[in-house]
Amino acid sequence: MQTYEADMIDLTSSGENTPDLDSCCKKIMSSKLIIAKLLQAVVPEYTDSEPGDIVNMINNVSVSETPVDADIASVIQSESTEDSSIMEGKRIYDIKFTARTPQDRQIALIINLEIQNNFNAGYPLIKRAEYYCARLISGQLNTIFTGSHYEKIEKVYSIWICTSPDEKHRNTISLYKMNRYDLAGKYIDTKQDILDYDLMNVIMVCLGDSHTNECRGIIRMLHSLLVAELPASEKKRIVHEEYGIPINKEFDKEVDVMCNISSLYINRGIERGMEKGALKEKMSVILEMFKKDIPVQTIADVFHLSVEETEKIISDNT
């Protein structure tokens with residue numbers, strides 16, 4: 001097992017061996033206490049629970065392990081009609097876990113940290129999130145339920161943390177869910193009715209400008225941890241003192257590595273992009289930083305551009 005010191009040697013090496021920012025952020029976000037804080041803030045079932053209690057309800061945490069289309073990929077392979085676009089660029093849940101609610105109901109949840117992607121990815125992120133929910137439901141066949149036992153289907157959440165949203169979405173948290181509307185007559189749902197159709201939920205957590213009053217609570221915690229250009233010591237102070245997250249050895253290491261990776265690429269970007277001030281070189285560095293999972297907001301800050309200008313450079317050149 002590689003030591004922390006060895007990680008730091010790798011970190012300061014040039015080339016493709018440098019650890020990627022996305023992986024570090026996923027490791028940090030897979031902390032059960034971080035997950036618990038997030039669930040308490042955005043998932044209605046946990047609003048009245050304490051993070052310490054929620055931790056004990058979380059199980060089976062996996063990071064970048066479970067394919068979204070596992071059963072589809074299996075069928076494609078067995079029929080020898082492999083589609084390289086599916087098999088080579090297969091979708092993987094960033095973080096997937098199961099949890100019991102305080103009401104003792106089993107639900108399946110995933111968290112997707114879209115830190116490596118442009119918020120305007122060429123398709124609506126909400127549709128991708130809905131697809132993930134659908135896959136979480138269909139993936140329960142022959143694991144959670146068999147045959148026609150649809151009553152056993154568990155509720156799912158797809159929670160997306162968007163680090164560089166467009167201006168109108170910044171500092172917002174939105175819940176998308178299924179509701180019933182009467183087209184004729186009037187019927188009042190029972191509690192069981194709601195449990196039966198309230199199965200797929202998408203939550204979009206859009207971070208934003210930390211200098212506004214709207215950047216508070218869970219948004220401030222995630223922004224400070226994942227996006228803000230702060231020293232590692234300040235990130236750890238904020239999550240510990242303001243949000244009560246204990247700083248154990250593993251968490252401490254991941255935050256240090258994440259900050260060093262970010263600083264490394266930002267410094268390289270400044271050195272290479274600002275040396276001659278050449279537009280072509282600047283664009284090249286912006287694209288390189290984007291491919292290395294530096295958040296768009298951070299890239300924009302480095303080059304004194306707006307998020308919209310940075311996104312346009314990226315979209316026009318990828």
Quiz item: OG1/T47 to CG/L39 distance, rounded to the nearest 0.5 angstrom?
Solution: 10.0 Å
Exercise. Using the rule that two of Ile, Leu, Val, Met, Phe, Trp, Tyr join whenever any of their side-chain heavy atoms come within less than 4.5 Å, decide whether M200 and I194 are in one cluster.
Key: no
Exercise. May I ask you to decide if the ring planes of Y93 and Y132 are parallel, tilted or perpendicular, using 30° and 60° as cut-offs?
Key: perpendicular
Quiz item: Is it true that a side-chain atom of T143 and a backbone atom of G139 form a donor plus acceptor pair closer than 3.5 Å?
Solution: yes
Self-check item: Test item: P102 and D53 side chains (from C-beta on) under 4.5 Å apart, heavy atoms
Solution: no
Self-check item: Minimum heavy-atom distance I92-P67, with the two atoms named
Solution: CD1-CA, 3.8 Å
Practice problem: Check whether L199 and Y197 end up in the same hydrophobic cluster, where Ile, Leu, Val, Met, Phe, Trp and Tyr are linked by side-chain heavy atoms less than 4.5 Å apart. | Solution: no
Quiz item: Are I245 and H240 side-chain neighbours, meaning at least one heavy-atom pair lies under 4.5 Å?
Solution: no
Practice problem: Scan side-chain atoms only and decide if E167 and H169 contain a donor-acceptor pair under the 3.5 Å cut-off. | Solution: no
Quiz item: Ignoring hydrogens and geometry, is there a side-chain-to-backbone donor-acceptor pair from K236 to V255 under 3.5 Å?
Solution: no
Practice problem: May I ask you to say whether K235 pairs ionically with E241, meaning some side-chain N is under 4.0 Å from a carboxylate O? | Solution: no
Practice problem: Decide, yes or no, whether a salt bridge links E234 with R237 under the criterion of side-chain N to carboxylate O below 4.0 Å. | Solution: yes
Practice problem: Kindly determine whether I173 and M204 satisfy side chain to side chain contact (heavy atoms under 4.5 Å, CB included), including the steps that lead there. | Solution: CA-CA 6 Å; I173 301 175; M204 289 285 182; over 6 Å; no
Quiz item: If two hydrophobic side chains count as joined below 4.5 Å and joins carry through other members, does I144 share a cluster with I137?
Solution: no
Quiz prompt | Atom pair CZ/CG of R220 and L207 - distance to nearest 0.5 Å | solution = 12.5 Å
Quiz item: Does the Q40 side chain pair with the main chain of S49, one donor and one acceptor, at a distance under 3.5 Å?
Solution: yes
Quiz item: Looking at Y176 and S174, what are the two nearest heavy atoms and their distance?
Solution: CE1-CB, 3.8 Å
Quiz item: In Å and rounded to the nearest 0.5 Å, what is the CD1 to OG distance from I95 to S62?
Solution: 9.0 Å
Quiz item: So which heavy atom on Y157 is nearest to which on L136, and how close?
Solution: O-CD1, 4.0 Å
Quiz item: If two hydrophobic side chains count as joined below 4.5 Å and joins carry through other members, does Y131 share a cluster with L141?
Solution: yes
Quiz prompt | Gap between atom CD1 of I314 and atom CD of E309 - 0.5 Å precision | solution = 12.0 Å
Quiz item: What do the steps show when you test N60 against T98 for side chain to side chain donor-acceptor pair (under 3.5 Å), and what is the final call?
Solution: CA-CA 6 Å; N60 307 314; T98 59; 2.9 Å; yes
Practice problem: Tell me, with the steps shown, if M178 and D198 meet side chain to side chain contact (heavy atoms under 4.5 Å, CB included). | Solution: CA-CA 6 Å; M178 184 180 290; D198 183 22; 5.7 Å; no
Practice problem: Determine the sole option in T190, D196, D189 for which the side-chain hydrogen bond (donor to acceptor under 3.5 Å, both in side chains) test with Q192 is passed. | Solution: D196
Quiz prompt | Interatomic spacing from NZ in K168 to SG in C206 - rounded to 0.5 Å | solution = 11.0 Å
Quiz item: What do the steps show when you test I161 against L38 for side chain to side chain contact (heavy atoms under 4.5 Å, CB included), and what is the final call?
Solution: CA-CA 10 Å; I161 300 172; L38 181 60; 4.1 Å; yes
Quiz prompt | NZ/NE/NH1/NH2 to OD/OE distance under 4.0 Å, E65 and K96 | solution = no
Exercise. Identify the heavy atoms of P51 and L33 that sit nearest to each other, and give their distance.
Key: CB-CD2, 4.2 Å
Exercise. Working to the nearest 0.5 Å, report the span between SG of C162 and CG of L222.
Key: 11.0 Å
Quiz prompt | No-hydrogen, no-angle side-chain donor-acceptor test under 3.5 Å, D193 and Y187 | solution = yes
Quiz item: Side-chain contact, heavy-atom cut-off 4.5 Å: T163 with V296?
Solution: no
Quiz item: Is there side-chain contact between M221 and V239, with heavy atoms separated by less than 4.5 Å?
Solution: yes
Quiz item: Will you find, in the side chains of Y150 and Q140, an N or O donor that is under 3.5 Å from an N or O acceptor?
Solution: no
Exercise. Kindly indicate, with the supporting measurements, whether the criterion side chain to side chain contact (heavy atoms under 4.5 Å, CB included) is fulfilled by S64 and K26.
Key: CA-CA 8 Å; S64 299; K26 289 175 189 175; 3.2 Å; yes
Self-check item: Least distance between heavy atoms, S224 atom then I238 atom
Solution: OG-CD1, 3.8 Å
Quiz item: Is any NZ, NE, NH1 or NH2 atom of the basic residue among R180 and D182 found under 4.0 Å from an Asp or Glu carboxylate oxygen of the other?
Solution: yes
Quiz item: Out of curiosity, does I126 fall in the hydrophobic cluster containing W160 (side-chain heavy atoms, cut-off under 4.5 Å, transitive links)?
Solution: yes
Quiz item: Looking at R135 and V68, what are the two nearest heavy atoms and their distance?
Solution: NE-O, 3.2 Å
Practice problem: Decide yes or no for L175 and V43: does some side-chain heavy atom of the first lie under 4.5 Å from some side-chain heavy atom of the second? | Solution: no
